[in-house]
Amino acid sequence: MDTGGGPTLQSLLCLAWAAATLPIAAAALPIPAAAGGGLIHRLLCAFSSRGKTVRPSASSSSKARFTVPQKFFLHFYVVGVVVTTSLLLAIWFYAYMKMTPLMPEPSSYSTIASHLVGSSNSFSFANFWSSRPMEHKYRIWQTVFVLLLMEIQVLRRLYETEHVFHYSPSARMHIMGYLAGLFYYIAAPLSLASSCLPEALLYLRYQIAEFIVKGRARMPDLVIDPSHLLKPLLKLGWCQWMGAVIFTWGSLHQMRCHAILGSLREHKDSDEYVIPCGDWFNRVSCPHYLAELVIYFGMLIASGGSDISVWFMYLFAITNLSFAAVQTHKWYLQKFEDYPRSRYAIIPFVC
């Protein structure tokens, strides 16, 4: 039985990631000015500018109209928490109910429910969910594991945005950068869940139809066994746990780097900037971006690396963060005469 739309969802996500990545890649390439390279680069620099790299003044009100306060970063993580939590709960519920050794309950009501959701075979749902191979069940629980990592990431970033960073009242970001951030925190969880999201939604749709047919009184009581919620996660393979270790390593460094950045502006109302030092700042200008790449690389490893949409997501993260890091690195060099020349922008010995 076709789960309906799996390849379509992944294809759409891949197209969306490619459409977001290509302009950034084009801006980074040495395209001749005659071919529009200079224009593309200037546009992307404007769109990606935020905080210290964009400071609209009273004389640049036209530019200010296309910016939003940098504190709107909070919106990214609110959206990320809502989307990730929704996907995690839906897929975890599906995994708990159907990707464990629980047999579907045969019932004449299932026949009616099957017709309500458009099935031509009254036993197709029962056959579909009861005959899934162990490899497929493993893949569903693997998705739950990766979404848990994403949930930890967006919840931590939400907390840091509120309690660690101290944004200047004049700090702005371009509206296109704001929209790109919203896109990322919607598309990233969807990409991590795309391999099994269609069938999980199909199952939820089927459950709703069965509830409508049976009514609350005839529905079986839902009993949650915590061991069945957690044991499958503990039985996952080395890829997932290696990914979790990489994710944790990147998260610890990002927390440290964000604490350093937050401390630079603590109890300050001015736009004064100082050179950040400590942790990975001793090697690169944007270690929090480098840590972000490590974090999402951990998710990529934990996902098993078999979903093309997750690879496209990671390619976008590399391209976007590298471009932003190079612009920030240039700003540091222009702002501070004594800025350490040995630092790279984001990746030591590379850029």
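All of these numbers come straight from a predicted model, not from anything done at the bench.
- Between Leu149 and Ala302, the closest heavy-atom pair is CD1-CB, 4.0 Å.
- The CH2 atom of Trp241 lies 14.5 Å from the CH2 atom of Trp238; values are rounded to the nearest 0.5 Å.
- Within the 4.5 Å cutoff, the side chain of Thr143 has no heavy atoms near those of the Leu197 side chain.
- Remark: Leu192 CG to Ile91 CD1 distance equals 9.5 Å, nearest 0.5 Å.
- When every heavy atom of Val82 is checked against every heavy atom of Ser86, the shortest pair comes out as O-OG, 2.7 Å.
- Under a hydrophobic-cluster definition in which Ile, Leu, Val, Met, Phe, Trp and Tyr are linked whenever side-chain heavy atoms come within less than 4.5 Å, directly or via other members, Met150 and Leu155 are assigned to the same cluster.
- Hydrophobic clustering (ILVMFWY, side-chain heavy atoms < 4.5 Å, transitive): Val245 and Leu147 are in distinct clusters.
- Partners of Trp141 by side chain to side chain donor-acceptor pair (under 3.5 Å), not counting sequence neighbours: none found.
- Taking Leu300 as the reference, Phe297, Ser303, Val310, Trp311, Tyr314 meet the side chain to side chain contact (heavy atoms under 4.5 Å, CB included) condition, with sequence neighbours excluded.
- Residues Gln142 and Cys239 fail the side-chain proximity criterion, which asks for heavy atoms closer than 4.5 Å.
- Note that OG1 of Thr328 and NZ of Lys335 are 14.0 Å apart. Values are rounded to the nearest 0.5 Å.
- Ile346 contributes atom CD1, which lies 6.5 Å from atom SG of Cys286 (distance to the nearest 0.5 angstrom).
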Taking it one step at a time, do Tyr178 and His75 satisfy side chain to side chain contact (heavy atoms under 4.5 Å, CB included)? CA-CA 9 Å; Tyr178 175 71; His75 300 173; 2.6 Å; yes
For Leu74 and Leu158, run side chain to side chain contact (heavy atoms under 4.5 Å, CB included): C-alpha distance rounded to whole Å, both residues' side-chain angles, the deciding distance at 0.1 Å, then the answer. CA-CA 6 Å; Leu74 179 70; Leu158 180 63; 3.3 Å; yes
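- Taking the side chain as every heavy atom from C-beta outward, Leu261 and Phe281 approach each other to under 4.5 Å.
- Among all heavy-atom pairs drawn from Cys14 and Ile308, the shortest one is SG-CG2, 3.6 Å.
- Of all non-hydrogen atoms in Met173 and Pro69, the two that sit nearest each other are CE-O, 3.9 Å.
- Annotation: the span from Asp307 atom CG to Ser195 atom OG amounts to 4.5 Å, rounded to 0.5 Å.
- In terms of the ring-ring contact (aromatic ring centres under 6.0 Å, His included) criterion, residue partners of His258 (sequence neighbours excluded) are, by chain and number, Phe165, His288.
- In terms of the side chain to side chain contact (heavy atoms under 4.5 Å, CB included) criterion, residue partners of Val294 (sequence neighbours excluded) are, by chain and number, Ile246, Trp249, Trp280.
- Inter-residue side-chain proximity for Leu315 and Trp17 is flagged as unmet; no heavy-atom pair is nearer than 4.5 Å.
- A side-chain hydrogen bond (donor to acceptor under 3.5 Å, both in side chains) with Asp279 is found for exactly one of His253, Gln254, Arg256, namely His253.
- Side chains of Val284 and Tyr289 form no contact here, defined as non-hydrogen atoms less than 4.5 Å apart.
- With sequence neighbours excluded, the residues satisfying salt bridge (charged side-chain N to carboxylate O under 4.0 Å, His left out) with Glu160 are Arg156, Arg157.
- By the side chain to side chain contact (heavy atoms under 4.5 Å, CB included) test, Ala20 is found to be paired with Phe183, Phe316, residues two or more places apart in sequence or in another chain being considered.
- Residue pairs meeting the side-chain hydrogen bond (donor to acceptor under 3.5 Å, both in side chains) criterion with at least one member in residues 341-351, sequence neighbours excluded: Tyr339-Arg343.
- With sequence neighbours excluded, no residue satisfies side chain to side chain donor-acceptor pair (under 3.5 Å) with Tyr159.
- No donor-acceptor pair under 3.5 Å is formed between the side chain of Gln327 and the backbone N or O of Ala324.
- Contacts of Tyr138 classified as ring-ring contact (aromatic ring centres under 6.0 Å, His included), with partners at least two apart in sequence or in another chain: none.
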One pair to check against side chain to side chain contact (heavy atoms under 4.5 Å, CB included): Tyr94 and Ile140. What are the steps and the verdict? CA-CA 9 Å; Tyr94 172 56; Ile140 301 298; 4.1 Å; yes
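- Side-chain contact between His329 and Leu333 is present, with at least one heavy-atom pair separated by less than 4.5 Å.
- Rounded to the nearest 0.5 Å, atoms CG (Leu202) and SG (Cys196) are 12.5 Å apart.
- At a threshold of 4.5 Å between non-hydrogen side-chain atoms, the residues Met313 and Leu13 do not count as touching.
- Side-chain contact check for Phe247 versus Gln153: some heavy-atom pair is nearer than 4.5 Å.
- Thr85 is linked by a side chain to side chain contact (heavy atoms under 4.5 Å, CB included) to Val81, Leu89, Glu151, counting only residues two or more places apart in sequence or in another chain.
- Linking ILVMFWY residues whenever their side-chain heavy atoms come closer than 4.5 Å, directly or via other members, leaves Val326 and Tyr332 in distinct clusters.
- Side-chain atoms of Arg283 never come within 3.5 Å of backbone atoms of Pro348 as a donor-acceptor pair (strictly under, hydrogens ignored).
- Under the 4.5 Å side-chain heavy-atom criterion for ILVMFWY residues, no single connected hydrophobic cluster contains both Phe73 and Val164.
- Applying the ring-ring contact (aromatic ring centres under 6.0 Å, His included) test to Tyr296 and every residue at least two apart in sequence or in another chain returns Tyr184.
- Nearest heavy atoms, Ser322 versus Ile318: OG-O, 2.7 Å.
- Every side chain to side chain donor-acceptor pair (under 3.5 Å) that Ser309 has, sequence neighbours left out, goes to Ser194.
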Carefully, step by step, assess Leu233 and Trp92 under the rule side chain to side chain contact (heavy atoms under 4.5 Å, CB included). CA-CA 11 Å; Leu233 296 174; Trp92 206 342; 4.0 Å; yes
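- Taking every heavy atom of both residues into account, Ala90 and Leu204 meet most closely at CB-CD1, 3.7 Å.
- When the side chains of ILVMFWY residues are joined at heavy-atom separations under 4.5 Å, either directly or via intervening members, Met255 and Tyr77 end up in two distinct hydrophobic clusters.
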